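Every chain is numbered from 1 and lettered A, B, ... according to where its sequence line falls, protein lines coming before strand lines. Predicted model, so just to flag it, every value in this text is computed and none were measured.
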There are 2 protein chains.
Amino acid sequence: MSTRTGRPPRLSRARIVAAARELIETHGVQALTMRRLATELGATPMAVYHHVPDKDALLLLLLEEAAATAVRPSLPADPRARLIVAARAMRDILAPVPWITEVLTADDLLSPEALWYPEAILDAAMECGLEADRAVHAYRSIWYYTAGEILIRAAADRRRSRDDRPPFREQVFADIDAEQFPRLAAVADRWAELTAADTYEQGLRALVAGLLAGVG
Amino acid sequence: MSTRTGRPPRLSRARIVAAARELIETHGVQALTMRRLATELGATPMAVYHHVPDKDALLLLLLEEAAATAVRPSLPADPRARLIVAARAMRDILAPVPWITEVLTADDLLSPEALWYPEAILDAAMECGLEADRAVHAYRSIWYYTAGEILIRAAADRRRSRDDRPPFREQVFADIDAEQFPRLAAVADRWAELTAADTYEQGLRALVAGLLAGVG
DNA sequence: ACCTGAACACCGTTCAAGT
DNA sequence: ACCTGAACACCGTTCAAGT
């Protein structure tokens, strides 16, 4: 038992992680820089480095915290319904914090806390009749679809909120050649509306139906 | 008709775009910086700005060029097969140049030249019996799945090639609690192998089957 | 018109030093 | 142990000037 001496530390991992999350949630992932974080904490950049090895490690801490505090859904008994519910829950938790998915894809970082979701999906898929290998492949397909939806939607939102000028897409669609691209031309003026609709579950159900076709 | 006078320009849009592509293809997207590009061209950063408004505009030029030079597949007559072929072609073209997908999601940039792919997919989906709205939603689902696959795979490759230390995932899987996560524990040692397999088309076929279920 | 040089306002991270 | 200050090697972009 060592008696603490000296000044009490002003910084701590907990304070740093809290400030980092605050920064990301109010100003976006790109606002999280070691220097800005230090300023927010009233310290020098190097004071942060004394508590956290580097920026990657900080992102990992953020990830673990988010996964640990996430509320998990109660799963239905029917395995097919369970598969849908678990995937949807994973997406609903990640969607409001797209930076997590950005980190997950960018660095193959995976919090131990987050394993609950692949476990639930794998388990449901196997109970639906898929053998282990096919269940893993099914999980991968669902993860591709889910991560894609979150990343694309987040990028679109970011652009919409940040941008001065109208999206480049509008100009492309305005100039579209109806002879060459008749299908696109026909829906061009409704594109924004159609892509704004939340069709995640629709697509997920289609994917799951296709993945489970011919089994169970 | 103005007669050109003065020194011939050393830089040009074409030279800049070519050097940028070279830089990306040999060193990755993150290596494309205006300063490094200028150095590569033997000029100052500002010389580049004289030919291209900013970095976003440069990425757009790169995109247009890639889409314009891409080889398009011949499409089968059967609309369902056509849907698969068009989506696969889109993915096969984007997979070796994942930075394009990163740009596409990050900035909603869309080259007029690239419209061929959504047009082909939309057309095939509608010939399969989907009405316009559902066809657009189907295209979106396919794009989420495709972009997700490309981005996640590219990120994994990047990490694998760059990294000194083994992926964090390995450590997480080594420490896995078999009581709490039995399904994951059972496949943990084969996870890398299973996720390395190219299951894009398998997942695509499942997704398309699900999207087209009950029509046509 | 085409390009240079210096500057501004940033990054992540290291190194040496202070208490 | 905990933190500061200065520095290194970078960014994208602007401004003023040269030919």
Practice prompt. Write out all pairs satisfying salt bridge (charged side-chain N to carboxylate O under 4.0 Å, His left out) with one or both partners inside residues 198-208 of chain A, taking only residues at least two apart or from two chains.
Written response: A/R88-A/E201, A/R91-A/D198, A/E201-A/R205
Worksheet item: Which stems, defined as runs of 3 or more consecutive Watson-Crick or G-U wobble pairs with both pairing distances under 3.5 Å, involve DNA chain D?
Response: C:4-8 with D:12-16, C:12-16 with D:4-8
Item to complete: Sorted by first residue and then second, give each side chain to side chain donor-acceptor pair (under 3.5 Å) pair with at least one member in residues 178-187 of chain A; sequence neighbours left out.
Response: A/R183-B/D123
Worksheet item: When rounded to the nearest 0.5 angstrom, what is the spacing between CZ in B/R13 and CG in B/L61?
Response: 5.0 Å
Worksheet item: Looking at CH2 of A/W143 and CD of B/E149, how far apart are the two atoms once the value is rounded to the nearest 0.5 Å?
Response: 14.0 Å
Worksheet entry | Contact list for residues 20-36 of chain B, test salt bridge (charged side-chain N to carboxylate O under 4.0 Å, His left out), sequence neighbours left out | B/R21-B/E65
Worksheet entry | Reading 5' to 3' through nucleotides 10-17 of chain D, protein heavy-atom contacts under 4.0 Å coded B for base, S for sugar-phosphate only, - for none | -BBBBB--
Item to complete: Over 60° means perpendicular and under 30° means parallel, so classify the ring planes of A/Y145 and A/Y200, tilted if in between.
Response: parallel
Practice prompt. For C/dT4, take OP1 and OP2 only and decide whether either is under 4.0 Å from a side-chain N or O of B/H50.
Written response: no
Worksheet item: How long is the line joining CZ of A/R13 and P of D/dC2, in whole Å?
Response: 12 Å
Worksheet entry | Which residues share a side chain to side chain donor-acceptor pair (under 3.5 Å) with B/Y117, sequence neighbours left out | none
Worksheet entry | Side chain proximity check, A/W99 to A/L32, heavy atoms < 4.5 angstrom | no
Worksheet entry | A/R10 side-chain N/O to D/dT4 phosphate OP1/OP2 under 4.0 Å | yes
